[in-house]
Amino acid sequence: MSSTEQKTILLVHPLGYSARRANTDVARMANIMPPLGLASISAYLEQYDIYNDIIDCYAHPQSDELIFAYLRRYRPPYIAFSCTTSSFYDGIRLAREVRRIDPQTTIIFGGVHVSAMREEILVYHDEVDVTVVGEGEETLKHLLQDGDNPSEVAGICYRGDNGHPQFSGYRKNQLNLDDLPFPAYEKLTGYPEVYELPIFNYPATPNTSCISSRGCPYSCSYCDRSVFRRSFRYNSADYLYRHMRYLNERFGIRHINFYDDQFTFNRKRVEEFTALVKENPLGMTFNCAARAEHLDYDLLVAMKSAGCWMISLGIETGDPDLLARHRQNPDLEMMREKILLIKKAGIRVKGLLMMGLPGETEESIRKSQQYVFSLPIDDFNLAKFTPFPGSPVYKEIKEADGALGTFTDDLERMDCMQFLFIPKGISAKRLEELFVQFYKKHFQRPRVLWGYVTMLWKSPDSWRRFLGNLGGFLTFIKTNRRIQQ
Ligand code: SF4
């Protein structure tokens, strides 16, 4: 951290739980993603001479003292915490300490949870002065430059003259993503080495996550889109190409995981990007996520030649009725055809699934298993359905008042690794059993096992990490607990 400029704001990514348990967290063992939103905000603010630093407690769990020392040394007038739902209370814990150290510091919260909860955060949490609703770059810039008139700053919740929480309204003009500088990756201590993509999800190191679009125009029941709402914006092919080249030249990145919800939504952009790579090869590979509707063979072949290594597809469930209840275009046959095309193009496929949605039954789980195991997917992730406060299904479950199932509304445990909602007609115990069975059956299939063996040469670093954390993974299988007490 440089000490020459007057620091205006410290940007913090909380860990989400006690630092002493960080080394037992199986989710951290498998994946540590850079806080891309904070890195983008940081670079944007610097353009306006708003100097700042980032402390990422998820990558560096023992960072509490670092935060407090920073506050004592630089006395920034603002501190901002970017939280998910499960890390929100850890952010609140840090905010209390900040208040104690310097009661004058303005404490800001941003991220998906506060965007979903809006004014409610200020009603229940005195430690928080302002929340940013939606994306942060322009809102924070405006707030930091014009903090005396919060009502003039669109996109925030603040306390009005009467002390009551107010929402200043959604920001109307959204930024053109090509106007943003590349995120300030250099402000993430240890970047890129301390950040790790999911095991078996990359062919080479160093690697990183990256974002080239924001938002999604679809409206799946389980998806919390409180930050970008229904908008969809994207970087041009030229920006995307330059961003990749920058990551390669500056940090030596060899593989990128695009964290976009819909990488291929704009076909023309992807086509142009692949043409740019063809003209001037980058020598890099990448993964992306897409909806099956937005893939075709010609595009896939072009993507493969531009370095596409793996595509993740949201399958969610193989039960057509359950799928139709929760998302648009629930066409499982189309999904199968697209998966076959991806494989034909020579790209790996990862299926993203979910168990425990409202309406889930033993029968739907059986159908889902049957469908998924009939697909030639290379990898899969089965999440435990979690009703996040900003998702449509959260409201539905709350309003149904037990008619859809039992729900434990525990924010700190909302990490898709525990069943907080138990659908009607099935017990929690049975749901857990079926979950473990699903995974077990997946790993018992010879084709799948062989696929992991081939990772020995396709992704040797994954095997190094897997074996290095074997004890932790086995404890997880035994206890079914993400973090040990
Ligand atoms: S789950 Fe995916 S496709 Fe559905 S709304 Fe969310 S981002 Fe869009």
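Keep in mind that what you see is a predicted model, and the values were worked out from it rather than measured. Residue numbers run from 1 in the order of the sequence given. Whatever order the structure lists ligands and atoms in, that order sets their numbers, starting from 1.
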Classify the ring geometry between F88 and H113 as parallel (under 30°), tilted (30 to 60°) or perpendicular (over 60°). tilted

The criterion is side chain to side chain donor-acceptor pair (under 3.5 Å); which residues satisfy it with E119, sequence neighbours excluded? none

Could you check whether F373 and F438 have their ring centres less than 6.0 Å apart? yes

Using a 4.0 Å heavy-atom cut-off, which part of Q262 comes near ligand 1: side chain, backbone, both, or neither? side chain

Cation-pi between R327 and Y218: NZ/CZ under 6.0 Å from ring centre and within 45° of the ring axis? no

Can R327 be said to touch ligand 1, with heavy atoms closer than 4.0 Å? no

Would you please name every residue forming a side chain to side chain donor-acceptor pair (under 3.5 Å) with T139, sequence neighbours left out? R171

For atom 6 (Fe) of ligand 1, state how many protein N, O or S atoms fall inside a distance shorter than 2.8 Å. 1

Please confirm whether Y191 and F251 have ring centers closer than 6.0 angstrom. yes

Would you list the pairs meeting salt bridge (Lys or Arg N to Asp or Glu O under 4.0 Å) in which at least one residue belongs to residues 215-228, sequence neighbours left out? none

